[in-house]
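Reading through the structure tokens given below for one structure.
Counting starts at 1 for both ligands and their atoms, following the listed order. Scope of the values below: all heavy atoms of this structure, side chains included, with no hydrogens, waters or symmetry mates.
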Amino acid sequence: MKLLAIETSCDETAIAIVEIRHKQHKNTITVLSHIISSQAPIHAVWGGVVPHIAKREHQKMLVPLLTHALRESGHRIPKKKITLSEVLQKDLDAILEREPELAKHLHDTPGLFHVPDIDAVVVTNGPGLEPALWVGVNFARALSKLWGKPLFGINHMEGHIAIAFMRENIQKKNMPLKQKKRHQYTISTITYPALALLVSGGHTELVLMQKKGVFRIIGETRDDAAGEAFDKAARILGLGYPGGPAISLEAKKSVSPTAIQRPILLPRPMMQSRDLDFSFSGLKTALLYLVRDLEKHQVRVRRIRPAIAKEFQHAVVDVLVAKTLRAMHTYNVRTCILGGGVAANAELRDRLSHKIQEQFPRTTCYMPPISFTGDNGLMIAAAAYMRMQRVSSRKTKEAMHAWKTLRPDATMRLS
Ligand code: KG4
Ligand code: ZN
């Protein structure tokens with residue numbers, strides 16, 4: 001079975017094409033194409049993601065990326081023009097009414113009218129920025145209608161969980177050379193209860209899975225997400241966007257002890273509270289006051305910026321690790337997963353895995369490779385694959401008509 005996965009929930013336009021095979025009681029996922037086009041440099045000028053610019057860029061990139069992905073996955077895109085029936089053209093026009101630029105790109109690329117060797121189209125339909133989600137969802141609806149393929153909407157956060165379970169299969173000894181070059185994965189078997197710490201630009205949540213496919217949010221942020229806190233802190237410190245990688249990099253630089261005249265201390269909000277919720281907005285405000293205070297006392301903030309970045313990162317990681325361990329104790333967790341863009345943070349990865357090893361030696365900890373922590377199409381394909389193992393054939397039949405009804409849900413929750 002081949003899946004085309006589309007992800008446009010924030011500022012990455014991403015497409016993946018994967019092939020899923022069932023062989024010797026084992027399912028393997030072969031990546032045929034995996035492309036991400038990041039808009040980060042465009043949004044950096046504004047200091048954060050601007051929704052209408054994200055929408056415009058997704059419209060611009062989807063058709064070229066799909067063409068590239070299909071070619072990379074071995075499809076020949078014929079030049080021969082196909083004339084669509086009037087009814088089909090009308091349906092496509094209606095689907096892409098809100099995305100005129102995307103509609104034009106598709107119309108001008110008739111090679112895409114030929115039906116490729118794809119069995120289903122899967123797309124992120126929430127949570128995320130609504131204008132950005134609409135573009136991906138409507139593109140997926142158009143392709144599903146055009147090619148007569150089933151369509152599935154996938155929760156973005158489920159994608160961040162699913163990709164953590166992908167294990168690279170390195171036994172490719174007897175494969176033809178062409179396949180050897182392709183990355184192949186298996187999905188690890190999970191022991192329940194499992195807990196996921198999901199940390200991204202829009203979310204910070206602890207998700208409990210008592211069994212396969214059943215999700216319960218047992219803790220979440222009451223204000224800013226961890227990634228958002230990194231982004232806002234980076235802006236205060238003049239470090240640019242995206243803030244997470246910039247803060248980590250800055251924290252690694254050393255500062256001479258004589259430059260720091262007094263200890264730099266930031267709060268660990270809600271770390272001692274008995275619940276499993278988070279709050280990062282106060283930490284950002286404390287950082288802002290600290291910087292203002294230093295400036296008032298004529299301290300050159302730039303000189304001690306690495307020490308400030310280090311303390312900020314330390315504060316966020318302290319809270320995330322403490323709450324995750326608390327949840328693990330409470331729910332007797334057997335598998336722990338780290339996911340989302342902030343999962344790229346080396347200090348978070350190191351400290352969380354170290355603490356789990358120390359305090360829960362029988363718990364398995366899954367973290368995606370850093371290259372898979374940010375938004376991508378592969379995570380949506382992985383979540384779709386895990387979901388498809390659970391859906392009935394009736395649902396698969398319904399998916400043939402989902403192009404009529406699928407809508408984004410910007411505030412979608414895992415449940
Ligand atoms: O999951 P993601 O790619 O997009 C959303 O779904 O939001 O997460 C993006 C977030 C950004 O806020 C970014 O600053 C943060 O992940 N991030 C990091 C690091 N790399 C990316 N935060 C901390 N440390 C990093 N190394
Ligand atoms: Zn994400």
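- The closest side-chain heavy-atom distance from Tyr192 to Lys212 is below 4.5 Å.
- The salt bridge (Lys or Arg N to Asp or Glu O under 4.0 Å) test with Lys284 singles out one residue from Asp224, Asp231, Asp223, and that residue is Asp224.
- Using a 4.0 Å cut-off to heavy atoms of Gly341, the atoms of ligand 1 that qualify are 1 (O), 2 (P), 3 (O), 8 (O), 16 (O), 17 (N), 18 (C), 19 (C), 20 (N), 21 (C).
- In Cys10, neither the side chain nor the backbone holds a heavy atom less than 4.0 Å from any atom of ligand 1.
- Judged by distance alone, the side chain of His34 and the main-chain N or O of Ala16 form no donor-acceptor pair under 3.5 Å.
- Ligand-side atoms of ligand 1 in range of His160: 1 (O), range being under 4.0 angstrom from any heavy atom.
- The distance criterion of under 3.5 Å between nitrogen or oxygen atoms is met by Gly227 with respect to ligand 1.
- Nearest to atom 12 (O) of ligand 1 by heavy-atom distance, out of Asp231, Val49, Leu249, is Asp231.
- The NE2 atom of His156 and the OD1 atom of Asp375 subtend an angle of 90° at the Zn ion (ligand 2), given to the nearest 10 degrees.
- For atom 23 (C) of ligand 1, the closest non-hydrogen atom of the protein is Gly244 CA, 3.4 Å.
- The contact set between ligand 1 and Asp375, taken as ligand atoms under 4.0 Å from a residue heavy atom, comprises 1 (O), 2 (P), 3 (O), 4 (O), 5 (C), 6 (O).
- Between Gly374 and ligand 1, no pair of N/O atoms sits closer than 3.5 Å.
- In summary, His160 places an N/O/S atom under 2.8 Å from the Zn ion (ligand 2), meeting the contact criterion.
- Those atoms of ligand 1 that come under 4.0 Å of a heavy atom in Gly243, given as number and element, are 14 (O).
- The Zn ion (ligand 2) does not have Cys10 among its coordinating residues (no N/O/S atom, backbone or side chain, under 2.8 Å).
- Against a heavy-atom cut-off of under 4.0 Å, Ala344 is close to the following atoms of ligand 1: 20 (N), 26 (N).
- With respect to Arg351 and Asp318, a salt bridge is recorded, a charged nitrogen being found less than 4.0 Å from a carboxylate O.
- In this model, a donor atom of one side chain and an acceptor atom of the other lie less than 3.5 Å apart for Glu347 and Gln313.
- No option in Arg182, His68, Glu72 other than Glu72 meets the side chain to side chain donor-acceptor pair (under 3.5 Å) test with Ser33.
- None of Glu97, Arg407, Glu99, Arg98 except one satisfies the side chain to side chain donor-acceptor pair (under 3.5 Å) rule with Asn138; the exception is Glu99.
- Scanning both residues, Leu338 and Pro368, for their nearest heavy atoms gives O-CD, 3.0 Å.
- Considering only heavy atoms from C-beta on, Phe230 stays 4.5 Å or farther from Phe280 through its side chain.
- The closest approach between any non-hydrogen atom of His156 and ligand 1 is below 4.0 Å.
- Salt bridge absent: Arg302 and Glu295 never bring a charged side-chain N and a carboxylate O closer than 4.0 Å.
- Distances from ligand 1 to the non-hydrogen atoms of Gly202 include at least one value under 4.0 Å.
- Heavy-atom distances between His203 and ligand 1 stay at or above 4.0 Å for every pair.
- Taking a cut-off of under 4.0 Å to the non-hydrogen atoms of Val342, the atoms of ligand 1 that pass are 15 (C), 16 (O), 18 (C), 22 (N), 23 (C).
- Protein heavy atom at the shortest distance from atom 24 (N) of ligand 1 is Asn345 ND2, 3.0 Å.
- Numbered from 1 in the order shown, with element, the atoms of ligand 1 that lie under 4.0 Å from a heavy atom of Gly201 read 5 (C), 7 (O), 8 (O), 9 (C), 10 (C), 12 (O).
- Taking distance alone, with nitrogen or oxygen atoms compared against 3.5 Å, Gly340 stays at or beyond that limit from ligand 1.
- The minimum heavy-atom distance linking Ile17 with Ser73 is given by the pair CD1-OG, 3.6 Å.
- Summarising the geometry of Pro127 relative to Asn155, their closest heavy-atom pair is CD-OD1, 3.5 Å, with the distance given to 0.1 Å.
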